[in-house]
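Computation of the quantities below employed the complete heavy-atom set of this structure, encompassing side-chain atoms and omitting hydrogens, waters and symmetry-equivalent molecules.
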Amino acid sequence: MIAARPIELLAPAKDLACGIEAVRHGADAVYIGAPKYSARSAAGNSIEDIRQLCDYAHLFDARIYVALNTILRDEELPEVEKLIRQLYQAGVDAIIVQDMGITQLDLPPIPLHASTQADNCTPEKIDFLYKAGFTQAVLARELTLEEIRKISGQTPMTLEAFVHGALCVSYSGKCYLSAALSDRSANRGICAQYCRLPYSLIDNDGRTIIENKHLLSLKDLNRSVELEAMMQAGISSFKIEGRLKDISYVKNVTAYYRRKLDEIFRRNPLYYRSSAGSQVYSFEPKPEKSFNRGFTSYFLHGRIPDITSFDSPKSIGEEVGSVKEIKGNSFTLAGLKPVHNGDGLAFINMKGELEGFRVNRAETNHIFPHKMPSLRRKMPLYRNYDKNFEEQLAKPSAERKLFVDITFSDVSFGFSLSVTDETGARVIITKPFKKEQAKNNSIEYIRTQLSKLGNTPFEAKEVVVDMSALWFVPASLLNEMRREAIDKLTWLRRIRYQRPVVKTQVYKQDVVFPQRQLDYTANVANKKAEAFYKSHGVQTIEPAFEVVSRDNVPLMYTKHCLRYSMGWCPVHHRRQSPYKEPFYLVHKQTRLRLEFDCKACRMLLFREK
C-alpha cells in the first residue's frame with residue numbers, strides 16, 4: 001500500500017508583510033531573504049522580522065525557509081556562520097544554500113536545502129546531495145516530467161520544483177553575463193538582467209536577421225494544470241517565484257495555487273496538505289491579473305515553440321479584446337472582458353513594442369483613454385493593470401483559521417471549558433463559580449458567546465454545552481474562560497510545533513561526488529567549498545568566475561535556442577539556416593557570440609570584444 005504524502009505550497013516573500021499574507025492566503029511554507037547573502041540582494045530582511053514571521057507561520061504548522069544562496073568569499077564565512085545561528089534561534093526551519101562551503105561551518109541542527117543555483121539537474125547530483133546530508137533540493141526549471149520521475153526514482157530526497165513566476169533564461173547558477181559585462185554577479189545576488197534587454201540577431205556576414213527584440217526574454221512559468229502530474233513524478237514542494245514581487249502578486253498567486261492543490265487533495269487521498277488551517281477569500285484568484293509576460297509550462301513536456309517574450313520583458317497581463325472602431329479620442333472594444341475606469345491597457349505597436357495607456361473612462365465597450373494612443377482596428381488589447389482587482393487586494397483579502405471543537409460543562413465547584421483544535425492540541429480551563437438555576441434556557445446563549453473567536457487564529461466548528469442542569473452562566477465568566485482558553489491554546493500550538501532538525505555535522509565525508517573535475521561553473525569561491533568537494537573525491541577544481549574571470553568561455557548556458565525559435569533546428573525542424581553562422585546578439589557596444597550544442601540541446605553565449 002502506498003503511503004499518503006504531504007504536499008507543500010511554497011510562496012515567496014520580499015518582507016514580513018508579504019510573508020504574513022502568503023501564510024494567510026494558504027502557503028504551507030514561505031521562503032524569504034536573509035539580511036545578507038541571498039540571490040536577491042534587494043530583498044534582505046532583519047532577524048527580528050524573520051522571527052516574527054516564524055512565530056506567525058508556526059501557529060499553522062507552516063514553515064519558514066531563508067534564502068542564503070549566494071556564493072561566498074572566505075572572509076564572509078564567519079559572518080555567515082553567525083547569521084545561520086541567529087536564524088536558527090529566530091525559529092527558521094531551513095536554509096536554502098548554493099555554496100557548499102556552508103556545510104563545513106559549525107552549524108546548528110538546521111536543515112539545508114540545495115538551491116536551484118546549485119545546478120540540480122541529474123539523479124546522480126540529487127542522490128549525492130541527499131547522501132551528503134541535504135534534506136530538500138530545488139530542481140532545475142528545465143527538467144521534463146520524465147527527468148523528474150527518473151530523479152525521484154533514484155533518491156528519497158524531498159524534491160521541490162518551480163510552478164509559477166519569472167523564468168531565468170539561463171540554467172540557474174550558470175549565468176555569468178552580468179558578472180562579465182558589469183561586475184554584477186547573479187551568483188552574488190546582484191544580477192543586472194542583461195537577458196531582458198533588446199538585441200539584434202546578426203549573422204557572420206553582418207546581415208540583420210532580427211532587429212531590436214528581447215531575444216533572451218522568456219514568458220513566465222505557469223504549471224497550474226500540471227500539479228498532479230508533477231506530484232506523480234515525485235514533486236512534494238511547489239514553489240512560486242517572486243521575492244521581488246509586490247504583496248498583491250503574492251496574495252493572488254498563492255491563493256490560486258492553494259485552491260488548485262486543495263482540489264487535488266479532495267479527489268486523491270494519496271496527497272495531503274502539509275500545514276494546518278483553512279482559508280476564505282474575499283476575491284477570486286486569477287494569476288493572469290498579476291504581473292506576467294504571458295505563460296508557458298516551459299520544458300515540462302519537452303521542447304515547445306512558444307516560450308519566449310520577444311516583444312517586451314514587461315507585463316502584458318490578460319487579453320481583454322480588440323479594437324473595433326476608432327472615434328476621435330476614443331474607441332470601441334470588441335471585448336472578451338469588461339474594462340473599467342482607471343484600468344491599464346497595453347498593445348503591441350507598429351514598431352513591435354509593448355505600449356500602454358490608462359483608461360480615463362469606460363462606458364460599457366466605449367473606451368476613453370487618458371491620452372489617445374496610436375491604435376488600429378482589430379488590434380488585440382491586453383489589461384496589465386486591473387484597478388478594481390488591485391483595490392480588492394489592497395484590503396484584507398483572506399482569513400486563515402484553525403477549526404476548534406469547544407465543550408462547556410459543569411463540575412462540582414464551577415464550570416469547565418475544553419477547546420481542541422483540528423490537529424489535536426487541547427486545553428482545559430476550569431473556574432470556580434457558585435451555581436444558580438437559570439430562569440431561561442441558556443444553552444444557545446452559551447454557544448453563541450463561546451463561538452465569538454473574532455480576531456484569533458481559530459474558528460469554532462462545534463460547540464457542545466454539556467451541563468447537568470440549566471445553570472446561569474454570566475457573559476463575563478464565559479468571555480473570561482474563552483479568552484484564557486484561546487491564549488493557552490495559542491501558546492500550546494507554539495510549543496507543540498516541531499521544527500525539522502538534522503544532527504550537527506551530518507554532512508558526510510564518505511560520499512563520492514559524481515565528477516572528478518570541476519570547472520568554473522561549479523562556482524567554488526572559497527577554501528571551505530573547495531575542501532568540501534575534495535573530501536568527496538573531486539581532484540581538480542577551477543575557481544569561480546567571480547574569483548578569476550575568463551575570456552572565451554560561455555557566459556550563459558540556456559535551454560532556450562534561437563535557432564529553434566527561428567525554425568532552423570537541425571534536430572526538430574530538419575532545416576538549415578539561410579544565414580551564415582556564427583550568429584551574434586548585439587546591444588549597443590555589447591556583442592555576444594552564439595554556439596549551439598545540439599547534443600545537449602542547449603545554446604551557449606560568449607562575449608566578443
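- Taking 4.0 Å as the cut-off between side-chain N and carboxylate O, R63 and D28 do not count as a salt-bridged pair.
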Would you tabulate the side-chain donor-acceptor contacts of residues 232-239 under 3.5 Å, counting partners in other chains and residues two or more places apart, or write 'none'?
residue	atom	partner	partner atom	Å
S236	OG	R5	NE	2.8
S237	OG	E8	OE2	2.6
K239	NZ	E160	OE2	3.3

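- Under 4.0 Å is where a charged nitrogen must lie from a carboxylate oxygen, and between E355 and K351 no such pair does.
- Ring pair W568/Y579 is tilted by interplanar angle, where 30° to 60° counts as tilted.
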Please assess D99 against T70 for the test side chain to side chain contact (heavy atoms under 4.5 Å, CB included), listing each intermediate value before the final yes or no. CA-CA 7 Å; D99 196 312; T70 62; over 6 Å; no
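- Ring orientation note: the planes of F128 and H536 are nearly perpendicular, at an angle over 60° on the 30°/60° scale.
- Under the 3.5 Å distance criterion, the side-chain polar atoms of R550 are matched with a main-chain donor or acceptor of V548.
- Ring geometry for F596 versus F583: interplanar angle over 60°, hence perpendicular rather than tilted (30 to 60°).
- You'll find the side chain of L167 stays beyond 4.5 Å of the side chain of H560, heavy atoms only.
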The test is ring pair (Phe, Tyr, Trp, His ring centres under 6.0 Å); show your working for Y199 and H587 and say whether it passes. CA-CA 5 Å; Y199 292 91; H587 172 80; 5.8 Å; yes
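- Using a 4.0 Å cut-off between a side-chain N of Lys or Arg and a carboxylate O of Asp or Glu, K580 and D203 do not qualify as a salt bridge.
- Salt bridge status for K150 with E146: absent, with no side-chain N to carboxylate O gap under 4.0 Å.
- By the 30° and 60° cut-offs, the orientation of the rings of Y533 relative to F513 is perpendicular.
- In this model, no donor atom of one side chain and acceptor atom of the other lie less than 3.5 Å apart for Q98 and N69.
- Ionic pairing of K337 and E319 is not present here: no N-O contact between side-chain nitrogen and carboxylate oxygen is shorter than 4.0 angstrom.
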Using the ring pair (Phe, Tyr, Trp, His ring centres under 6.0 Å) rule, take F295 and H164 through it: C-alpha gap first, then chi angles, then the decisive distance, then the call. CA-CA 9 Å; F295 291 126; H164 198 95; 5.4 Å; yes
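- Other residues, nucleotides and ligands contribute over 12 non-hydrogen atoms within 6.0 Å of the CD atom of Q517.
- In this structure, R141 satisfies the cation-pi test against F162, with its NZ or CZ atom closer than 6.0 Å to the six-membered ring centre and inside 45 degrees of the ring normal.
- With salt bridges taken as basic N to acidic carboxylate O contacts below 4.0 Å, none links D262 and R259.
- Using a cut-off of 4.0 Å between Lys/Arg side-chain N and Asp/Glu carboxylate O, R267 and E228 are scored as salt-bridged.
- A cation-pi arrangement is present between R303 and Y564 under the rule of less than 6.0 angstrom and at most 45 degrees off the ring axis.
- Between K125 and D119, none of the side-chain N atoms (NZ, or NE/NH1/NH2) sits under 4.0 Å from a carboxylate O, so this pair counts as no salt bridge.
- Around atom NZ of K527, no more than 12 heavy atoms belonging to other residues, nucleotides or ligands sit under 6.0 Å away.
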